[in-house]
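Residues take their numbers from the sequence shown, with the count starting at 1.
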Amino acid sequence: MLTCDDIRSIALALPQAEEQPHFDSTSFRVKGKIFATLGDEPRATLKLDPEDQHNLAQAHPGVVEAVDGYWGRNGWTVVQCAAMDAQTLSGLMRMAWVNVAPKRLAKAFGQGA
């Protein structure tokens, strides 16, 4: 079972990721853009591509689901991290990071730089 500290470690392991407050939660950003948020419980909200969001929600019912309304239609996705292993969350977090990172940085990361 993943904890909030586990989620934080996974997010901050990504290149140039920074932690900043965001209303009543914590956000993780790359170059000022939010790719994930974390509340008080082991649950993350990630900025995914809407198609990826749809496919992941079907593959992980009750664990991955779109945020209600406008935000969800634009890819914001809730992940119940307590029901997920670190490797899977790391992959999802990477997808969210790539979704908002500058193209050059994302390309360099994909090439192992």
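For T88 (side chain) and M84 (main-chain N/O), no donor-acceptor pair under 3.5 Å exists by modelled atom type. At distances below 3.5 Å, not a single donor-acceptor pair connects side-chain atoms of K31 with backbone N or O atoms of Q16.
Minimum heavy-atom separation, L48 to A96: CD2-N, 3.8 Å. Nearest approach of V30 to P102, heavy atoms of both residues: CG2-CD, 4.5 Å. Of all heavy-atom pairs spanning I10 and S90, the tightest one is CG2-CA, 3.7 Å. Heavy atoms only, all atoms of each residue included: S25 and L38 are closest at CB-O, 3.2 Å. Heavy atoms only, all atoms of each residue included: M95 and L56 are closest at CE-CD1, 4.1 Å. Pairing each heavy atom of Q53 with each of V67, the nearest pair is NE2-N, 4.5 Å.
If you take OG1 on T37 and CD on E19, they are separated by 11.5 Å, rounding to the nearest 0.5 Å. The CZ atom of R29 lies 6.5 Å from the NE2 atom of H22; values are rounded to the nearest 0.5 Å. Rounding to the nearest 0.5 Å gives a distance of 13.5 Å between CG of L2 and CZ of R8.
Looking at heavy atoms from C-beta onward, C81 lies in side-chain contact with L89 at the 4.5 angstrom threshold. Between V64 and T77, the closest side-chain pair of non-hydrogen atoms falls below 4.5 Å. Side-chain contact between Q20 and S27 is present, with heavy atoms from C-beta onward closer than 4.5 Å. Using a 4.5 Å heavy-atom threshold, the side chains of V79 and L46 count as touching. Within the 4.5 Å cutoff, the side chain of R43 has heavy atoms near those of the V78 side chain. When side chains are defined from C-beta on, P21 does not count as touching T26, because their heavy atoms never get closer than 4.5 Å.
Checked by atom type, the side-chain pair D6/S9 shows no donor-acceptor distance below 3.5 Å.
With a 6.0 Å radius and a threshold of 12 heavy atoms from other residues, nucleotides or ligands, D24 has its CG atom at or below the threshold. The local environment of CD in Q87 is sparse, with at most 12 non-hydrogen atoms from other residues, nucleotides or ligands closer than 6.0 Å.
The cluster map of Ile, Leu, Val, Met, Phe, Trp and Tyr, joined by side-chain heavy atoms under 4.5 Å apart, puts L12 and V100 in the same cluster. Linking Ile, Leu, Val, Met, Phe, Trp and Tyr residues whenever their side-chain heavy atoms come within less than 4.5 Å leaves I7 and I34 in two separate clusters.
Between F28 and F35, the two ring planes are tilted [angle within 30° to 60°].
Aromatic ring centres of W97 and F109: separated by under 6.0 Å.
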